[in-house]
Amino acid sequence: MHYRMQDGIVGALGAGGHRTWRLAEARHTAAGRGLPGFRAVPQRHTCPRPRRGLPPDVQGEADEELLDYAAVHPGRTLTGYGTLMAGAYSRTDRPLPER
């Protein structure tokens, strides 16, 4: 991918669905090798936060640690997906998930 960036084919790298520590580790490894790191982090996020004590979701949600990480690393862009919960906010046929 580094060569694609050097050739101007890829403008920025992104990684989503990963734990914050893995993103930080990848950023550190890339910096140590003089390579560009991830700049975009798409992660599932919505206003209601998951209940505490539930097992982690396979897709991973934007947790407090990731929100904090994004706040202190302004070169990273955190984008949310699933923000409208497939219409569950406004459609009675789509109840809010138990999470």
Among all residues two or more places apart in sequence or in another chain, which pass the side chain to side chain contact (heavy atoms under 4.5 Å, CB included) test with A15? H18, L23, F38

With sequence neighbours excluded, tell me which residues meet side chain to side chain contact (heavy atoms under 4.5 Å, CB included) with H28.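 Result, side chain to side chain contact (heavy atoms under 4.5 Å, CB included) vs H28: none returned.
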
Decide side chain to side chain contact (heavy atoms under 4.5 Å, CB included) for L67 and L78; before the verdict, give the C-alpha distance in whole Å, the side-chain angles of both, and the deciding distance to 0.1 Å. CA-CA 8 Å; L67 297 175; L78 178 61; 3.5 Å; yes

Is any side-chain heavy atom of E65 less than 4.5 Å from a side-chain heavy atom of R19?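 Counting from C-beta outward, E65 and R19 never come under 4.5 Å.
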
Work out which heavy atom in G37 is nearest to a heavy atom in A30; give both atom names and the distance.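 Reported closest heavy-atom pair: CA-CB, 3.9 Å.
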
Which atom pair, heavy atoms only, marks the closest approach of D63 to L66? OD1-N, 2.9 Å

Nearest 0.5 Å, please: how far is CD in E64 from OG1 in T20?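 Interatomic distance, T20 OG1 to E64 CD, rounded to 0.5 Å: 10.5 Å.
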
